[in-house]
Every structure is written in C-alpha cells, then in structure tokens.
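Below: one structure, written as structure tokens.
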There are 2 protein chains.
Amino acid sequence: MRERILDVALDLFNEHGYDATSLREIAQRLGVSKAALYYHFEQKADIMVALHQRFHRIGQALLEEFAARSAEADPVRLWLELLDEFIDGVVANRELVMMHQRNSQALRRIVGDTPENHADHEDMEEALRAMLADPRISLRQRVRLATSIDAVVSVLVDIEGYFGDVPLDQRAALVRDVARELLAA
Amino acid sequence: MRERILDVALDLFNEHGYDATSLREIAQRLGVSKAALYYHFEQKADIMVALHQRFHRIGQALLEEFAARSAEADPVRLWLELLDEFIDGVVANRELVMMHQRNSQALRRIVGDTPENHADHEDMEEALRAMLADPRISLRQRVRLATSIDAVVSVLVDIEGYFGDVPLDQRAALVRDVARELLAA
DNA sequence: GTCTATATTTCGATAGAC
DNA sequence: GTCTATCGAAATATAGAC
C-alpha cells in the first residue's frame with residue numbers, strides 16, 4: 001500500500017502540485033479513506049520526503065561514481081563519459097524528475113526543514129554544486145556543463161509538452177548529441 | 001497600491017510558491033490588513049492573473065516581431081537575430097520569468113480556466129509552440145531551438161543559485177555564445 | 001489496516017463602520 | 001481605501017471502533 005500511495009501522490013503532485021493536492025484527493029483516487037493514509041505516513045510532508053528519497057536513491061550511484069573519479073584530470077571529460085548513464089536515468093525516471101522540477105519550492109521547504117533529510121538533499125544538490133564550483137573548470141565550461149545538464153532534463157521531461165509527438169528514445173539521441181557538443185567545445 | 005501589492009506578491013510567489021502564499025502574508029509584509037487587498041483584487045487568483053499580464057506585456061513585442069517576420073526563409077536564423085533582444089528581456093525581468101518557471105502549475109490552473117486570459121496565454125505559449133512545430137524546421141533543429149531558449153532562461157534565472165557569484169551581464173555574454181552555437185549548427 | 005466521526009487550524013472571502 | 005470582525009469551506013490531523 002505504501003508504494004501505491006507514493007505512485008498516486010507522484011501523479012497528483014505532477015498534475016496540480018504538492019500544495020494544491022489534498023490528502024482527500026489522494027485517498028479518493030486510491031479508493032480508501034483519508035485516515036488510512038495516516039497509518040502509512042505521519043504527515044502529508046512525509047509523502048513528499050519518501051518521494052524525494054526515491055529520487056535520491058536513483059541518482060546516488062551516478063553521483064558516487066562521479067565523486068570517486070572526480071580526481072581525474074578533467075571533470076568535464078568525466079561528465080561526458082557519464083552522460084549516457086545520466087540520460088538513461090532521466091528517461092527511466094521521468095515522472096520523478098518532473099516532480100522535482102515542478103515542486104522545487106515545496107521540496108526545499110519540506111526537505112530543507114527536516115535535519116535528517118537535509119543531509120540527503122545536500123548529497124544531491126551539493127554534488128552538483130561542487131561539480132560546477134570545481135576550480136579546475138573555467139566559467140565558460142561551467143556554463144556549458146550546467147547547460148548540458150539542463151538541456152537533457154528539459155527535452156526529456158518536457159514540462160511544456162513541446163515534444164509530446166516525439167518518442168523518448170529519439171529525443172534522447174538528439175539531446176545526447178547536443179550535450180556532447182556543448183561539453184566538447 | 002495595486003503595483004505595490006503585485007511587487008510583494010511576486011517576491012512571495014518566488015519564495016514560497018503561489019499556493020503556499022496566503023493573503024494574510026502579503027498584507028502583513030505590506031503593513032495593511034487582509035481586507036485591504038480585496039479593494040484592489042476580487043480574488044487571490046486575480047493577483048496571479050495581473051502578474052501574468054505583466055509578463056505577457058513584456059514578451060509581446062518580441063513575439064510580434066517574430067510572427068511578422070516568420071515568413072522569412074529560415075525561422076532558426078530569425079530567432080538567432082532576435083536572440084539579443086530575448087536575452088535582454090530575460091535579464092531585465094528575471095523575477096517575473098522565475099515566477100513563471102516556479103509556478104507553472106498554478107498558472108495553468110488559474111489562467112487556463114479564465115477564458116479571457118486564456119487567449120493571452122495562448123498568444124505566448126502557442127507562439128513558442130508554433131515556432132517549434134514549424135514544418136520547415138527539422139527535428140534536430142527543433143531540439144536545438146528549444147535547448148537554446150532553455151539555456152538562456154536557465155543560466156540567467158538560475159533557480160538553483162549555481163551562478164549566484166557571477167554577475168548577470170557576464171552570464172548573459174557566456175550563454176549568448178552557447179545559444180548562438182546551438183542555433184548555428 | 002481501514003473505517004467513521006470529529007477536533008483544530010487556516011484560508012479565502014464578505015459585511016459594515018469609518 | 002482601509003479597518004475590525006466574522007463567516008463558511010476545506011485542509012491537516014487525531015480518536016477510537018472494528
């Protein structure tokens with residue numbers, strides 16, 4: 001049941017946003033009463049925290065590999081090598097990535113206020129921040145690094161629905177070329 | 001007063017999000033009572049609509065120029081020529097663009113449900129959609145067009161604060177090069 | 001684990017004085 | 001134009017039976 005709640009919540013948070021989604025709505029879509037949810041989660045915010053942990057678990061492997069090898073000469077080249085894995089991860093977890101994009105404010109408010117999960121959040125956000133703040137990278141490269149990541153997420157998640165007619169694997173192939181180009185320059 | 005309300009609301013919508021911002025909070029920051037807001041706006045949603053109209057007003061000139069000249073041979077080349085104007089617009093209205101990014105769900109819910117403003121919204125969203133759906137543009141170019149727009153917004157608005165240490169004009173210069181490169185390929 | 005019923009709080013919105 | 005006071009609705013959360 002716990003996972004079913006999270007699945008439904010993920011959908012609703014993507015449709016209306018965390019703050020505009022009530023527990024009544026989640027319960028109704030599941031066909032249970034509102035109180036049933038409280039057996040599995042102490043507060044509404046804990047549902048968001050659990051979804052954040054799903055997200056974090058997925059990105060962890062990639063970030064650890066990056067951290068382990070980031071002593072290498074060129075961080076940009078390293079990211080280029082991890083690009084395919086990153087793209088696969090975004091494609092496989094599109095809804096979760098979208099939820100994070102769409103509810104970044106609510107996430108910061110919730111996850112940023114609970115000390116335990118704050119560490120998790122920092123693992124993720126700070127890893128990206130550390131990568132972009134690496135002194136070996138020039139500002140020009142920093143912009144290209146950030147842009148390449150953003151391009152992948154933007155085209156694959158496609159919040160505005162601009163590429164709704166294009167299959168995900170086709171989008172992935174095209175945006176991979178763009179990202180490589182940005183990182184190679 | 002009306003404009004002061006909108007300024008404060010813009011800040012708060014960027015800090016906590018539209019749904020998590022109460023009228024009590026807006027009134028408090030202005031040093032007036034909650035009821036005072038209702039003299040200037042009939043509903044809370046109307047504050048969001050007014051901010052959307054600010055945004056729309058700013059983008060209109062650019063979109064009209066694009067529409068007027070879009071009969072030209074190459075839409076990608078046209079966008080390349082309008083790039084500087086676009087970048088300047090984003091820099092000059094960074095908070096407004098950020099608000100649209102962060103509250104896209106609330107905006108769709110509010111603006112998409114009132115028929116009058118729906119037209120405005122379509123002017124904006126649909127213009128972008130039309131540009132990206134232009135049959136003269138290959139899918140490869142489409143991805144590059146979307147990516148270039150997204151890169152500009154991403155680096156200049158900088159929601160995550162990755163470039164907080166870099167002056168806006170410097171960021172603008174760097175991302176301009178990236179966008180040109182993407183559009184020239 | 002799930003239910004009904006209810007407590008508590010907060011929000012958007014209105015009434016009416018000044 | 002702004003205030004105080006208040007209404008009604010909806011939300012989160014809890015109590016206690018089954």
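Chain identifiers are assigned alphabetically (A, B, ...) following the order of the sequence lines, protein sequences preceding nucleic acid strands; residue numbering begins at 1 within each chain.
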May I ask you to verify if any side-chain N or O of B/Gln43 is less than 4.0 angstrom from the OP1 or OP2 atom of C/dA13? yes
Touch check for A/Ser22, heavy atoms < 4.0 angstrom, all strands: base, sugar-phosphate only, or nothing? sugar-phosphate
Report the distance from atom [atom1] of [X] to atom [atom2] of [N], rounded to the nearest whole Å.
{"X": "A/Ile26", "N": "D/dA10", "atom1": "CD1", "atom2": "C1'", "value": "15 Å"}
{"X": "B/Arg2", "N": "D/dG1", "atom1": "CZ", "atom2": "P", "value": "12 Å"}
{"X": "A/Tyr38", "N": "D/dT12", "atom1": "OH", "atom2": "P", "value": "6 Å"}
{"X": "B/Leu37", "N": "D/dC3", "atom1": "CG", "atom2": "C1'", "value": "12 Å"}
{"X": "A/Leu23", "N": "C/dC3", "atom1": "CG", "atom2": "C1'", "value": "16 Å"}
{"X": "B/Gln28", "N": "D/dC3", "atom1": "CD", "atom2": "P", "value": "13 Å"}
{"X": "A/His40", "N": "D/dA13", "atom1": "NE2", "atom2": "P", "value": "16 Å"}
{"X": "A/Phe41", "N": "D/dT12", "atom1": "CZ", "atom2": "C1'", "value": "16 Å"}

Which nucleotide, [options], lies nearest any side-chain atom of [X]?
{"X": "A/Lys34", "options": "C/dG12, D/dA13, D/dC3", "result": "D/dA13"}
{"X": "B/Ala35", "options": "C/dC11, C/dT2, D/dC3", "result": "D/dC3"}
{"X": "B/Tyr39", "options": "D/dC3, D/dG1, C/dT2", "result": "D/dG1"}
{"X": "B/Lys44", "options": "C/dC3, C/dG1, C/dG12", "result": "C/dG12"}
{"X": "A/Arg24", "options": "D/dG1, D/dA11, D/dC3", "result": "D/dA11"}

Are there over 12 heavy-atom neighbours, none belonging to A/Glu72, within less than 6.0 Å of that residue's CD? yes
Would you find more than 12 non-hydrogen atoms of other residues, nucleotides or ligands less than 6.0 Å from B/Arg136 atom CZ? yes
A/Ile47 and A/Leu23: CA distance, side-chain angles, deciding distance, side chain to side chain contact (heavy atoms under 4.5 Å, CB included) verdict: CA-CA 10 Å; A/Ile47 297 178; A/Leu23 295 177; 4.1 Å; yes
Output yes when B/Asp165 and A/Arg142 qualify as a salt bridge under the 4.0 Å nitrogen-oxygen rule, no when they do not. yes
In a check of side chain to side chain donor-acceptor pair (under 3.5 Å) between B/Asp19 and each of B/Lys44, B/Gln105, B/Arg109, which one passes? B/Arg109
